[in-house]
Amino acid sequence: MENLFQPAEIASIVLPEEKIKSRVAALGRQITRDYAGKRLIMVGVLKGAVPFLADLIRCVALPLQYDFIAVASYGASTVSSGAVRMLKDLELSVEGFDVLLVEDIIDTGLTLRYLRENLYNRRPASLKIAALLNKPSRRGAEITADYCGFTVPDEFLVGYGLDYNQNFRNLPYVGALRREVWQER
Ligand code: IMP
Ligand code: MG
């Protein structure tokens, strides 16, 4: 059933719930093929990747483990500054495992560049990236997703895990935040 909750701050729905669902299922099938016989650990980047990870793991028909990591980038709420620090580390050891980093969106790429480097140092058997959204227009780091849901325009997006000041993560779709909301602050 369609969820009609659309707060006034949302200008438009960019990715409806059904479109996300079918794309996530396709990514799950692809991951199922690619990781057959491997030791898969999926690492969700808190908090934005939670809905994506939760849906994606249920579309992967393989034994797997998952864990979470949390980082913060310094700077204003809508702009990544480049400096990243660890807020919460993994509980699992990933040494010798095939690690799939799961992120909500790649914007400048700085968050994932930091995480990729950080996890590489723990000697995983392999390390790949799954991102629900790819915003290529602002890319400052040479990061590409091995599994990408959608390429999106350079708008401020919220919903399905993505937030603005910690709000809107619970929307079941991805919507564009009205410019007035994030520009006049
Ligand atoms: P990056 O380090 O610039 O690639 O930024 C990645 C992080 O910035 C994501 O995990 C999001 O938390 C946040 N981010 C980037 N673009 C958006 C957006 O359009 N809406 C909400 N969060 C965003
Ligand atoms: Mg995030």
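Both counts, for ligands and for their atoms, begin at 1 and track the order of listing. Nothing here was measured: the structure is a model prediction, and the numbers come from that model.
Side-chain contact between V45 and V102 is absent, with no heavy-atom pair separated by less than 4.5 Å. Side-chain contact check for I10 versus L171: some heavy-atom pair is nearer than 4.5 Å. For the pair M42/D67, no side-chain contact is recorded, criterion being any heavy-atom separation below 4.5 Å from C-beta on.
Of the candidates I105, L115, V174, it is I105 that places a heavy atom closest to atom 14 (N) of ligand 1.
R29 places no side-chain N or O within donor-acceptor distance of the main-chain N or O of C59, the cut-off being under 3.5 Å.
For ligand 1, the atoms lying closer than 4.0 Å to a non-hydrogen atom of T111 are 1 (P), 2 (O), 5 (O), 6 (C). The contact set between ligand 1 and L157, taken as ligand atoms under 4.0 Å from a residue heavy atom, comprises 18 (C), 19 (O), 20 (N), 21 (C). Contact atoms of ligand 1 toward D163: 21 (C) (distance under 4.0 Å to a heavy atom of the residue). With ligand atoms numbered from 1 in the order given, ligand 1 contributes 9 (C), 10 (O), 11 (C), 12 (O) to contacts under 4.0 Å with heavy atoms of D104. Close approach of ligand 1 to E155 (heavy-atom distance below 4.0 Å) involves ligand atoms 19 (O). Close approach of ligand 1 to K135 (heavy-atom distance below 4.0 Å) involves ligand atoms 16 (N), 17 (C), 18 (C), 19 (O). Atoms of ligand 1 lying under 4.0 Å from at least one heavy atom of L162, given by number and element, are 21 (C), 22 (N). Within ligand 1, counting atoms from 1 as listed, the ones closer than 4.0 Å to a heavy atom of E103 are 10 (O).
Shown here is R123, whose CZ atom has no more than 12 heavy atoms of other residues, nucleotides or ligands within 6.0 Å.
Here's the thing with F156: none of its N/O atoms is less than 3.5 angstrom from an N/O atom of ligand 1.
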Please lay out, stage by stage, how R116 and E142 fare under the test salt bridge (charged side-chain N to carboxylate O under 4.0 Å, His left out).
CA-CA 11 Å; R116 190 176 59 178; E142 57 334 319; 3.4 Å; yes
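The shortest heavy-atom distance from G109 to ligand 1 is under 4.0 Å.
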Considering only distance and modelled atom types, tabulate donor-acceptor pairs under 3.5 Å from the side chains of residues 143-163, sequence neighbours left out.
{"unit_1": "D146", "atom_1": "OD2", "unit_2": "I129", "atom_2": "N", "d": "2.8"}
{"unit_1": "Y147", "atom_1": "OH", "unit_2": "D34", "atom_2": "OD2", "d": "2.6"}
{"unit_1": "Y160", "atom_1": "OH", "unit_2": "D55", "atom_2": "OD2", "d": "2.6"}
{"unit_1": "D163", "atom_1": "OD1", "unit_2": "R169", "atom_2": "NH1", "d": "3.4"}
{"unit_1": "D163", "atom_1": "OD2", "unit_2": "Q166", "atom_2": "N", "d": "2.7"}

